[in-house]
Amino acid sequence: MRIHIIAMGGAVMHNLSIALHKAGHIVTGSDDEIYNPAKDRLQSYGLLPISGWYPEKIDQDIELVIVGMHAKKDNPELAKARELNLKIMSYPAFIYEHAKHKNRIVIAGSHGKTSTTSMIMHVLRTLDKDYDYLVGAPLEGFDLMIRLSDAPLMVIEGDEYLSSPIDLTPKIMHYQPHTTIITGIAWDHINVFPTQESYVQVFRDYIKGLPKGATIYYYSGDKALHNIITETDNTDLTIQSYIAYPHIIRDGIAYLLHDQKEFPLKIFGKHNLENIQAAVDVCLSLGIHEKEILHALMTFSGAAKRLQPLFLSDHSKIYLDFAHAPSKVAATVKAIKEQYPAMRLITLLELHTFSSLNKNFIPQYAHALDPADEAIVFFNKHTLEIKGMPDLDPDYIREMFKKNNLKVITQNEELEDYLSHIDKKDTVVLFMSSGTFNGVQIKEWANSN
């Protein structure tokens, strides 16, 4: 099939482009700007387009156009495709078409999706199970974030954000899973869900729209999610709650407990133990024995930027995490502090997303950084300009975070100077962002003396 990808430079979109290419399709694409690692990866497969939009390249020979959310509604290539009446889909709609005859497992929720999806994928791969997948971050041992094959099973990380500029359906609504995990609900994406209720409604609609006979595993410790589940009157669903997997923590290592045996983990944090229980429940539903699941999880080291260690020694620990929404930030900071209670904790949070830079949303971060001994919030004024957003007052950020002695930094030079004066001895440094700290070389700093 000849497939054209509009806005192919995104994390999922460039992986989809490569996966389609490897599956034997003729793939072309476009984007106005593509950054690494997508740029180098697309180039290595001969898929890197010339920067820009070229409607003259859109013709009747194209059998399918897949459009990413990064494209604007008036994108010239999209306009040409619509003019020619070509078949156009968002990537979630395409994923459903690919997987509609498979057993579909979808991991949804405001936080923990990537980690939980990764755990399930790790177990299945360790046990040589055949399956397709879509996950939102690179994983050790996996070449791509997407696999498309004739496998009978597909594991999908289900994002609640909109599907494309012409498909305003939340992505999770497309997948129609047989089994779903919902990890929790915490307001996010204020640009498309302006109120907490409008955001919560997405999950209410998701549950309501599940196919007959579907199974839901949900984290019962989340109040908003528990309320929605309680309201659910769909007797055609099987609903099962979960909490953290039984465990003990000894000398900083978490051990899963089963059948009077201990299974040590490489990861830590209460939120990860909750994710593990959800992953175990799903794997059990696939007929896998619990001891096999736990043995596989012993070798799970996490997804990229999910409590990813940048440097570890006896006296210094430096981590990078994707946390950006308030609930994710609070859970990550808490996990680190509980893991290293005797060490000084410095947290550096970059405000990078539309929600995190929105003055009306920032109060949601109140007390999220409280466990830190020193806390820094970084944002770059250029990011605000790119997003067409008004400037932020550092004093307002300090007030809304409600964290004593919070330091707000807006310039690369100031952040680099701050880092250069950190005494790493007996210290844990935690970087949190969905961005890149505006290009500040934190990985190089982490490994410097």
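Residue numbers count from 1 along this sequence.
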*Between OG of S164 and CE of M89, what distance do you get to the nearest 0.5 Å?*
10.5 Å
*Between CE of M400 and CG of L406, what distance do you get to the nearest 0.5 Å?*
12.0 Å
*Donor-acceptor pair between E416 and N412 side chains, under 3.5 angstrom*: no
*asked:* Is any side-chain heavy atom of R204 closer than 4.5 Å to one of K208?
replied: no
*Take atom OH of Y396 as the centre, draw a 6.0 Å sphere, and report whether it contains more than 12 heavy atoms from other residues, nucleotides or ligands.*
yes
*Could you tell me whether the side chain of L349 reaches within less than 4.5 Å of the side chain of V333, counting heavy atoms only?*
no
*Side-chain contact, heavy-atom cut-off 4.5 Å: L351 with V377?*
yes
*Reported NZ-to-CD1 distance for the pair K359 and I190, which is rounded to 0.5 angstrom*: 13.0 Å
*Does H382 reach the side chain of I386, with side-chain heavy atoms less than 4.5 Å apart?*
yes
*Among residues two or more places apart or on two chains, list those pairs meeting salt bridge (Lys or Arg N to Asp or Glu O under 4.0 Å) that have a residue in residues 22-41.*
none
*Taking everything shown except K443 itself, do over 12 heavy atoms lie less than 6.0 Å from its NZ?*
no
_If I take atom CE from residue M432 and atom CD1 from residue I376, how far apart are they, to the nearest 0.5 angstrom?_
9.5 Å
*S434 and H352: which non-hydrogen atoms are nearest, and at how many Å?*
OG-CD2, 3.7 Å
*Taking only residues two or more places apart in sequence or in another chain, which ones pass side-chain hydrogen bond (donor to acceptor under 3.5 Å, both in side chains) with S198?*
T195
*Assess the side chains of H174 and D167: does a donor N or O sit below 3.5 Å from an acceptor N or O?*
yes
*More than 12 heavy atoms from other groups under 6.0 Å of CD1 on I50*: no
*Sole residue of F203, F193, Y365, F361 in ring-ring contact (aromatic ring centres under 6.0 Å, His included) with W187*: F361
*Side chains of T180 and Y206: is there a donor and an acceptor less than 3.5 Å apart?*
yes
*Parallel, tilted or perpendicular for H70 and W53, by the 30°/60° rule?*
tilted
*Do L84 and R82 come within less than 4.5 Å of each other through their side chains, counting heavy atoms only?*
no
*Apply the side-chain contact (heavy atoms from CB on, under 4.5 Å) test between F378 and each candidate in N438, T410, L348; give the one that qualifies.*
N438
_Qualifying residues under side chain to side chain contact (heavy atoms under 4.5 Å, CB included), relative to T427, sequence neighbours excluded_ = R344, I346, V429
*Contact check, side chains of P194 and N360, non-hydrogen atoms, under 4.5 Å*: no
*asked:* Going by ring pair (Phe, Tyr, Trp, His ring centres under 6.0 Å), name the residues that satisfy it together with Y219, two or more places apart in sequence or in a different chain.
replied: Y242
*Compute whether any side-chain donor of one residue and acceptor of the other, for Y199 and S110, lie under 3.5 angstrom apart.*
yes
Got a list of side-chain donor-acceptor pairs under 3.5 Å for residues 297-304, not counting sequence neighbours?
unit_1: T299; atom_1: OG1; unit_2: H122; atom_2: NE2; d: 2.8
unit_1: T299; atom_1: OG1; unit_2: A296; atom_2: O; d: 2.9
unit_1: S301; atom_1: OG; unit_2: E140; atom_2: OE1; d: 3.2

_Over 12 foreign heavy atoms within 6.0 Å of CG, N36_ = yes
*Taking the six-membered ring for Trp, is the centroid-to-centroid distance between H98 and Y96 below 6.0 Å?*
no
*asked:* Ignoring hydrogens and geometry beyond distance, is a side-chain donor-acceptor pair present between H4 and E63 at under 3.5 Å?
replied: no
*Counting only heavy atoms not in L168, do more than 12 fall under 6.0 Å of its CG?*
yes
*Mind checking the OH-CD1 spacing from Y245 to I243? Nearest 0.5 Å is all I need.*
12.0 Å
_With sequence neighbours excluded, residues passing side chain to side chain contact (heavy atoms under 4.5 Å, CB included) with S115_ = N272, N275, R306
*When you check the side-chain N and O atoms of S356 and T353, is any donor under 3.5 Å from an acceptor?*
yes
_Heavy-atom pair with the smallest gap, counting every atom of T347 and L369_ = OG1-CD2, 3.9 Å
_K387, NZ atom: more than 12 neighbouring heavy atoms under 6.0 Å_ = yes
_Which atom of K305 lies closest to which atom of Q308, heavy atoms considered_ = N-OE1, 2.8 Å
*Rounded to the nearest 0.5 Å, what's the gap from CD1 on I5 to CD1 on I66? Could you check?*
4.0 Å
_No-hydrogen, no-angle side-chain donor-acceptor test under 3.5 Å, E231 and N227_ = no
*Go through the steps for D373 and K337 under the test salt bridge (charged side-chain N to carboxylate O under 4.0 Å, His left out), then give the verdict.*
CA-CA 10 Å; D373 298 291; K337 191 63 178 178; 3.0 Å; yes
*Residues two or more places apart in sequence or in another chain: which of them pass ring pair (Phe, Tyr, Trp, His ring centres under 6.0 Å) with H189?*
Y161
*So with a 6.0 Å cut-off around NZ of K102, is the heavy-atom count from everything else above 12?*
yes
*asked:* I need the single residue from Y319, F437, F311 that forms a ring-ring contact (aromatic ring centres under 6.0 Å, His included) with F431. Which is it?
replied: F437
*By salt bridge (Lys or Arg N to Asp or Glu O under 4.0 Å) - contacts of K80 (at least two apart)*: none
*Is there side-chain contact between L307 and I267, with heavy atoms separated by less than 4.5 Å?*
no
*Between Y418 and W445, does the ring centroid distance fall short of 6.0 Å?*
no
*Is it true that K381 and E385 have a side-chain N and a carboxylate O under 4.0 angstrom from each other?*
no
*Could you list the residues that satisfy side chain to side chain contact (heavy atoms under 4.5 Å, CB included) with D426, not counting sequence neighbours?*
H315
*Name all residues meeting the side chain to side chain contact (heavy atoms under 4.5 Å, CB included) criterion together with I26; count only those two or more places apart in sequence or in a different chain, and write none if there are none.*
R2
*Just do the side chain to side chain contact (heavy atoms under 4.5 Å, CB included) check on L78 and I166 with the steps written out, would you?*
CA-CA 10 Å; L78 179 58; I166 58 171; 3.9 Å; yes
*Side chains of L210 and Q176 in contact at under 4.5 Å (non-hydrogen atoms)*: no
*asked:* Show me the pairs that pass salt bridge (Lys or Arg N to Asp or Glu O under 4.0 Å) and involve residues 84-96, at least two apart or across chains.
replied: none
*Mind checking what makes ring pair (Phe, Tyr, Trp, His ring centres under 6.0 Å) contact with H247, not counting sequence neighbours?*
none
*So, for Y133 and F142, is the gap between ring centers shorter than 6.0 Å?*
yes
*May I ask you to decide whether R398 forms a salt bridge with D395, counting only side-chain N to carboxylate O separations under 4.0 Å?*
yes
